[in-house]
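Note on naming: letters A, B, ... go to the chains in the order of the sequence lines (proteins, then strands), and numbering restarts at 1 for each one. Reckoned from all heavy atoms, side chains included, excluding hydrogens, waters and symmetry mates.
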Protein chains: 2
Amino acid sequence: MASIHDVAKEAGVSVATVSKVINHYPDVSEKTRRKVKNAIELLRYRPNVIARGLVTGRSWTVGVLINIPFTNPYVSMLLEGIKTALENSGYDLMRLSARLNDPDYSFIDHCQSRNLDGVVVFGVEKDHRSIQELIESGIPTMFVDTDATGQRAGNITTDNRNGVHKAVRHLIELGHQRIAYLAGIPGQPVNESRLAGYLDGLKASSIPYREEYVVNGDYSYDSGIQGTKKLLELAQRPTAIVCTSDMTAFGAIHAIEAQGLTVPGDISVVGFDNIFEAELFKPALTTINQHIHSIGVKSIEELISMIKSADYPPPVVTEPSSLIVRESTARCPEPVSGDVH
Amino acid sequence: MASIHDVAKEAGVSVATVSKVINHYPDVSEKTRRKVKNAIELLRYRPNVIARGLVTGRSWTVGVLINIPFTNPYVSMLLEGIKTALENSGYDLMRLSARLNDPDYSFIDHCQSRNLDGVVVFGVEKDHRSIQELIESGIPTMFVDTDATGQRAGNITTDNRNGVHKAVRHLIELGHQRIAYLAGIPGQPVNESRLAGYLDGLKASSIPYREEYVVNGDYSYDSGIQGTKKLLELAQRPTAIVCTSDMTAFGAIHAIEAQGLTVPGDISVVGFDNIFEAELFKPALTTINQHIHSIGVKSIEELISMIKSADYPPPVVTEPSSLIVRESTARCPEPVSGDVH
DNA sequence: CTGAAAGCGCTTACAG
DNA sequence: CTGAAAGCGCTTACAG
């Protein structure tokens, strides 16, 4: 690769002058600008972003820390949004090989040694030391689905609470009273707000909360199976199950059918996420739609705004959620007897 | 961040010496090594990878060019493999915001200005100028599913041809003779070898090739729907359809059922990829399994070998494929009448 | 309008 | 075993 010195020599000017035309400084005569441009063309010169970054302190790269498998459809959609927003921004995306479980590893050291301009974090538990260190470091940060903030850190989430509330209301309107909830990982902000939505929904119709109707999981297909097995063993089994993710809902449906029961004939199931497969599944899944792609796009747009201006206020944005009714929910099969309350 | 100068001052030595202990040079006395290590500890110093890269010419980052949406399950699995292999390698992954359609854009310029140590490319048509430029540039490269090679460029693919051949054989064993093929994008190496496998399968049983039984698509769900519609309009419609991807197979099944026909009752369908959803789908999909995760892992392992040693021969690796029989294929419903041949 | 010089944070011969 | 110096490819005051 030709360097800036080669160009300077070729054009018969100083490297300072070459730098000025590259960076569109106004105080360069048209004539030397021409000469330089020609030399650049001739040598196919491209400025070295790395070297530039060393002096300007900007790397034109944003880092991403995603502590969840890429095979999770939610992650895929998020990444797709991130990618879209990055497209003509001039920034590239770096996926850090973070060793979060290694006590000697420091995520911010990693970011700083890479000169990252900003970072988006997803899927890290809120109490992981990295979160706090990141906030203190002053590196522009956007947290996805984690309600952390800081001087230079904002966050973006779906309106999880309302989403689950809507799901519960929908089931109640269909006559269900025995509504269970297959939750996510306790302590995670996402999980807490969804659980709150579940409780909101019950309370709005004065349905008492039953501890045995809430079982935790990890958003996976498998935890849908396991959780549902437990629910089906209950003396009074639920007639509807709200799930913390579509994958979990798929698992739930599988487990229900494995018992010879049907969805939605015997039990209604609703998911959360509205991944592409929700529509393909049989029965097509009633679920809560999240604007995941949009969350990806906005996380980057906001991050770039923060990078560009030190006093851009760190945003806290909530994306709406909505209920998509399909085939996995139906009227409660038998009128609920009085003993439920 | 503390710099190497700060450490040198703190330890009372020169920066050269600090550099030597960082890089584990043997010729440093134990005593000064101690002093330096303490200073590093004290200042929480971490070497700047960027600055180091400027002088060593290595960036410890590998680039990835993926010209297919992340929401494609195949891509997700590939990325997951790539991520796994990178985990403790010291390398980070950079996803380049490549503007492949912009004539002023050059992918290798991009790679070079970022100082990338190597790159894995996936989903770029073989005749795109970037491929050739990349090969000529001498940047260590691994192509996934593209049979390009070069001085410093290897590739890795699934045994596509055999995979489809097995699918066809399976259908023939079930009594099918009218076997259609929903292909991918013409000209892409993956497509050509799969098509060859289809022809192999027919030929092995002396079933004549019918042009109208092959329709091209783009691996998507939608192209499965469109392609199948065409097949169903044929005077003599196929009794089995082999698809170039699982997503396309899902689309095919949808289109078949939309006509009031059943799978596999009326028509058998087989996919390609064996994505996670293949098992969940109803009917569970008979498909060709690819070791996608393994392809991701190996592409990085081989790439790193090439980076580390200039004379590591660029590998050409083929991963096996295998048929997974599930519920979407069954015996051919009606004995095929003589007119087929 | 142009260029010499210092510096970003490192590494690497080389001399002592 | 240690350090002064040059250099990686750039940008940025500053002087002229």
Side-chain angles (χ1 to χ4, degrees), chain A residues 1-40 43-61 90 108-117, chain B residues 1-40 43-61 90 108-117:
Chain A
M1 280 282 277
S3 83
I4 197 172
H5 285 101
D6 302 324
V7 176
K9 185 178 293 178
E10 176 68 32
V13 299
S14 72
V15 296
T17 300
V18 175
S19 177
K20 278 171 191 157
V21 350
I22 293 168
N23 295 296
H24 308 104
Y25 277 55
D27 58 340
V28 179
S29 77
E30 194 50 41
K31 192 175 153 213
T32 75
R33 186 183 301 279
R34 275 268 128 267
K35 282 195 299 187
V36 172
K37 289 219 170 193
N38 286 336
I40 287 175
L43 302 174
R44 298 199 75 246
Y45 168 72
R46 292 291 175 276
N48 183 310
V49 179
I50 295 302
R52 175 181 289 171
L54 194 57
V55 17
T56 61
R58 297 189 64 174
S59 62
W60 290 96
T61 105
I108 47 150
D109 284 352
H110 197 163
C111 293
Q112 286 174 335
S113 86
R114 285 277 186 195
N115 253 282
L116 298 184
D117 291 341
Chain B
M1 281 282 276
S3 82
I4 196 171
H5 286 100
D6 302 323
V7 175
K9 184 179 293 176
E10 177 68 32
V13 298
S14 72
V15 297
T17 301
V18 175
S19 177
K20 278 169 191 157
V21 350
I22 294 168
N23 295 295
H24 308 103
Y25 277 53
D27 58 341
V28 179
S29 76
E30 195 48 41
K31 190 174 155 215
T32 76
R33 187 183 300 279
R34 274 268 128 266
K35 282 195 299 185
V36 172
K37 289 219 168 192
N38 286 336
I40 288 176
L43 302 175
R44 298 199 75 245
Y45 168 72
R46 292 289 176 277
N48 183 312
V49 179
I50 295 301
R52 174 180 290 171
L54 195 56
V55 16
T56 61
R58 297 189 63 173
S59 62
W60 289 96
T61 106
I108 48 151
D109 283 352
H110 196 162
C111 293
Q112 286 174 335
S113 87
R114 285 277 185 195
N115 252 277
L116 299 184
D117 291 340

* Between B:Val55 and B:Thr32, just flag the one whose closest nucleotide in DNA chain D comes earlier from the 5' side. => B:Thr32

* Grab the NE2-C1' distance between A:His5 and D:dG9 for me, whole Å please. => 8 Å

* Structure fact -> So NZ of B:Lys35 and CG of B:Asn38: to nearest 0.5 Å the spacing works out to 10.5 Å

* Give a yes/no on whether any side-chain N or O of A:Tyr25 is located under 4.0 angstrom from OP1 or OP2 of C:dT2. => no

* Structure fact -> From CG of A:Asp27 across to P of D:dG16 the rounded distance in Å is 18 Å

* Is it the case that more than 12 heavy atoms not belonging to B:Arg58 sit under 6.0 Å from its CZ atom? -> yes

* Structure fact -> Which of D:dC1, C:dA4, D:dC10 is nearest the side chain of A:Tyr45? It is D:dC10

* Structure fact -> Of the candidates D:dC10, D:dT11, C:dC10, the side chain of B:Ala51 sits closest to C:dC10

* Asked: What is the nucleic acid contact for A:Arg58, judged by heavy atoms within less than 4.0 Å: base, sugar-phosphate only, or nothing?
  -> nothing

* Using a heavy-atom cut-off of under 4.0 Å over every strand shown, decide if B:Asn48 touches base, sugar-phosphate, or nothing. => sugar-phosphate

* To do: In whole angstrom, give the distance that lies between atom CD of B:Glu30 and atom C1' of D:dC1.
  => 13 Å

* Asked: To the side chain of A:Ala16, which of D:dT12, C:dT11, D:dC10 is closest?
  -> D:dT12

* Structure fact -> Assign each of A:Thr17 and B:Ile50 the nucleotide of DNA chain C bearing its closest heavy atom; nearer the 5' end lies the nucleotide of A:Thr17

* Compare the minimum distances between each of D:dT11, C:dC8, C:dT2 and the side chain of A:Leu54, then state the nucleotide with the smallest one. => C:dC8

* Straight-line distance of A:Ser19 OG to A:Ile22 CD1, nearest 0.5 Å -> 5.5 Å

* From CE (B:Met1) to CG (B:Asp6), nearest 0.5 Å -> 10.5 Å

* To do: Whole angstrom is fine here: how far is it from NZ in B:Lys31 over to P in D:dC1?
  => 13 Å

* **Atom pair distance, as rounded to whole Å: NZ in B:Lys20 and C1' in D:dC1** => 8 Å

* At what distance, to the nearest 0.5 angstrom, does OG1 of A:Thr56 lie from CG of A:Asn23? -> 9.0 Å

* **Candidate nucleotides C:dT11, D:dA4, C:dC1, ranked by approach to the side chain of B:Ser14 - the nearest** => D:dA4

* Asked: What is the distance from CG of A:Asn115 to P of D:dC10, rounded to the nearest Å?
  -> 16 Å

* To do: May I ask which nucleotide in the shown strands pairs with D:dC1, Watson-Crick or G-U wobble, both distances under 3.5 Å?
  => C:dG16

* May I have the distance from B:Asp109 (atom CG) to D:dG9 (atom C1'), rounded to whole angstrom? => 16 Å

* Answer with base, sugar-phosphate or nothing: what part of the nucleic acid does A:Arg33 contact at a heavy-atom distance below 4.0 Å? => nothing

* Asked: Nearest of C:dC14, D:dG9, C:dC10 to any side-chain atom of A:Ser3?
  -> D:dG9

* **Short side-chain N/O contact to D:dT2 OP1/OP2 from B:Ser29, under 4.0 Å** => yes

* d(CZ, A:Arg114; P, C:dC8) in whole Å -> 22 Å

* Asked: Around atom NZ of B:Lys9, are there more than 12 heavy atoms of other residues, nucleotides or ligands at under 6.0 Å?
  -> no

